[in-house]
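What follows is one structure encoded as structure tokens, with my remarks underneath.
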Amino acid sequence: MVLCVLKRRLLRSSSCAFMGRLQRQSRGCVYSSIHGFSHEEIREKLQAFPGGSVDLLKHDSGIAVLTINNPARMNAFSGSMMVDLKERVSQLENWSEGKGLIVHGAAETFCSGSDLNAVRAISNPQDGMKMCMFMQDTLTRLLRLPLISVALVEGRALGGGAELTTACDFRLMTSGSVIQFVHKHMGLVPGWGGAARLVRIVGSQKALKLLGGALKVDPEFGLDIGLADEVLEADQGAATALQQAENWLSRYTKGPVPVIHAVKKVVLAGRELPLSEALRTEKEVFGTVWGAPANLQALASKSKHK
Ligand SMILES: CC[C@@H](C(=O)O)C(=O)SCCNC(=O)CCNC(=O)[C@H](O)C(C)(C)COP(=O)(O)OP(=O)(O)OC[C@H]1O[C@@H](n2cnc3c(N)ncnc32)[C@H](O)[C@@H]1OP(=O)(O)O
């Protein structure tokens with residue numbers, strides 16, 4: 001018995017070290033100085049474009065709410081909001097009790113993409129690339145959080161706002177809402193990682209239509225192509241869209257924190273890694289929950305899965 005416990009502890013410590021490496025790697029994420037990416041340099045440049053905020057509220061339930069808050073500009077991202085977003089993602093990476101995340105916009109609309117005033121000021125290729133790398137890095141880290149995340153889409157999610165919805169695990173759309181990748185109308189393609197994630201969500205054929213046609217995705221169309229996971233009807237009694245979203249998400253975040261984190265990590269591995277690596281990661285993650293308190297408690301309770 002002692003040998004078994006020691007073996008489990010050794011496995012758990014090695015798998016924690018492995019998962020720590022994976023987590024640090026994912027935090028280091030996509031770009032570094034070898035790509036000409038200087039976090040401090042672009043951060044300073046973006047801070048020069050103030051306005052709005054990205055607010056984070058963490059609930060005892062383990063579900064946090066991230067609010068894109070710039071209603072005067074249809075929640076468009078100013079430069080300082082891009083910096084805010086990275087800071088909130090960093091806070092969430094360190095939230096040990098977190099299980100779920102809802103991303104939504106203030107004033108019942110989602111996000112209108114980049115603030116066009118800021119875009120005009122950084123329209124030179126060098127600065128555009130730096131903003132692109134900054135936001136790709138941030139949204140990749142958002143998607144890789146050990147939390148189950150939902151984009152609650154009310155009103156409009158346009159351009160970078162549409163891309164932001166793809167950086168969450170799920171998308172819930174309210175009646176009358178629209179997701180639209182308007183980039184083509186601006187002579188652009190997605191620059192915040194939205195194209196790469198959209199292909200993984202709906203497949204390359206549908207992604208090509210959405211981007212090539214800058215198609216408006218309403219809730220019905222979103223469900224049909226797999227971009228939306230649920231449509232929230234307005235007449236749900238007194239429950240606001242946010243409360244409905246929290247109810248929806250809580251189905252998947254119910255349970256011990258380590259188990260919810262493990263669920264997200266094995267799905268992330270399956271989604272991002274080649275099969276052999278994904279299997280090895282699954283084994284490592286399995287080692288952190290096998291014989292852990294939640295597992296032993298379930299075994300002791302002889303729970304029936306009705
Ligand atoms: C990588 C992608 C990324 C990038 O390339 O950097 C982008 O996301 S580029 C931006 C893509 N987004 C857009 O092109 C959306 C532009 N906005 C609109 O199409 C419309 O505003 C709307 C969102 C459809 C809403 O239209 P409407 O209901 O008619 O309201 P208004 O147009 O009057 O908007 C109210 C108010 O908000 C300002 N606004 C809206 N969007 C932006 C934005 N993206 N940047 C800056 N300001 C924005 C708009 O100018 C109005 O302000 P006032 O003019 O001061 O009243």
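We count residues from 1, following the sequence as given. All values below were derived from every heavy atom in this structure, side-chain atoms included, with hydrogens, water molecules and symmetry-related copies excluded. Counting starts at 1 for both ligands and their atoms, in listed order.
Put simply, the side chain of E163 gets close to the backbone of W192: a donor and an acceptor are under 3.5 Å apart.
Close contacts between ligand 1 and M131 involve ligand atoms 6 (O) [criterion: under 4.0 Å to a heavy atom]. Less than 4.0 angstrom separates some heavy atom of G191 from each of these atoms of ligand 1: 1 (C). Each of the atoms 24 (C), 25 (C), 28 (O) of ligand 1 lies under 4.0 Å from some heavy atom of R156. For ligand 1, the atoms lying closer than 4.0 Å to a non-hydrogen atom of W192 are 1 (C). Listed by number with element, the atoms of ligand 1 under 4.0 angstrom from any heavy atom of G159 are 8 (O). Using a 4.0 Å cut-off to heavy atoms of G160, the atoms of ligand 1 that qualify are 2 (C), 7 (C), 8 (O). Near V119, the atoms of ligand 1 lying under 4.0 angstrom from a non-hydrogen atom of the residue are 6 (O).
By the criterion of a heavy-atom distance under 4.0 Å, both the backbone and the side chain of D115 are placed next to ligand 1. Residue contacts with ligand 1 for M135 are absent, since no atom lies close enough (heavy atoms, distance under 4.0 Å). If you look at A76 next to ligand 1, the close heavy atoms, those under 4.0 Å, all belong to the side chain.
Between R144 and E93 no salt bridge is recorded (no basic side-chain N to carboxylate O distance below 4.0 Å). Ion pairing between D169 and R271 holds under the 4.0 Å rule for side-chain N and carboxylate O.
Taking distance alone, with nitrogen or oxygen atoms compared against 3.5 Å, R73 approaches ligand 1 more closely than that limit.
Checked against H104 for a side-chain hydrogen bond (donor to acceptor under 3.5 Å, both in side chains), the options T109, T67, T174 give a single hit: T67.
The nearest protein heavy atom to atom 33 (O) of ligand 1 is not closer than 4.0 Å. Note that atom 54 (O) of ligand 1 has no protein non-hydrogen atoms nearby, at separations under 4.0 angstrom. Per-atom contact check: atom 41 (N) of ligand 1 touches the protein, criterion being a heavy-atom distance below 4.0 Å. Counting only heavy atoms, the protein never gets under 4.0 Å from atom 29 (O) of ligand 1. In this structure, atom 47 (N) of ligand 1 has a protein heavy-atom contact shorter than 4.0 Å.
Using modelled atom types, one finds no donor on one side chain facing an acceptor on the other under 3.5 Å when comparing N75 with N70. Side chain to side chain, D55 and S53 meet the donor-acceptor criterion of an N or O pair below 3.5 Å.
Rounded to the nearest 0.5 Å, atoms CZ (F170) and CD (E230) are 11.0 Å apart. Atom CG of residue L66 and atom CG of residue L85 lie 6.0 Å apart, to the nearest 0.5 angstrom.
Of the listed residues (G161, G194, A72), the one carrying the non-hydrogen atom nearest atom 37 (O) of ligand 1 is A72. Compare M74, Q136, R120 by their heavy atoms: the one nearest to atom 25 (C) of ligand 1 is in M74. For atom 44 (N) of ligand 1, the choice among S114, A162, G113, G128 with the nearest heavy atom turns out to be S114.
Annotation: side chain of H59 is in contact with side chain of L57 (closest heavy-atom distance under 4.5 Å). Proximity of V217 to V178: side-chain heavy atoms (C-beta onward) are nowhere separated by under 4.5 Å.
Closest to atom 5 (O) of ligand 1 among all protein heavy atoms lies L188 CD1, 3.2 Å. Here the protein heavy atom with the shortest distance to atom 14 (O) of ligand 1 is M186 SD, 3.8 Å. Here the protein heavy atom with the shortest distance to atom 19 (O) of ligand 1 is L158 CD1, 4.1 Å. Of the protein's non-hydrogen atoms, the one nearest atom 17 (N) of ligand 1 is S112 OG, 3.6 Å. Closest to atom 45 (N) of ligand 1, if we only count protein heavy atoms, is L116 N, 2.9 Å. Protein heavy atom in closest approach to atom 1 (C) of ligand 1: E163 OE2, 3.3 Å.
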Q) Hey, mind stepping through T138 and M82 against side chain to side chain contact (heavy atoms under 4.5 Å, CB included) and telling me if it holds? A) CA-CA 9 Å; T138 300; M82 293 180 190; over 6 Å; no

Original post:
Going through the checks in order, is the side chain to side chain contact (heavy atoms under 4.5 Å, CB included) test met by I201 and T166?
Top reply: CA-CA 8 Å; I201 295 168; T166 67; 3.8 Å; yes

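Within 6.0 Å of atom CD in Q47, more than 12 heavy atoms from other residues, nucleotides or ligands are found, so the atom counts as buried in its surroundings. The number of heavy-atom neighbours closer than 6.0 Å to NZ of K45, taken from other residues, nucleotides and ligands shown, is 12 or below.
Within the structure, ligand 1 lacks H185 among the residues with a heavy atom less than 4.0 angstrom away.
Aromatic ring centroids of F134 and H39 lie under 6.0 Å apart.
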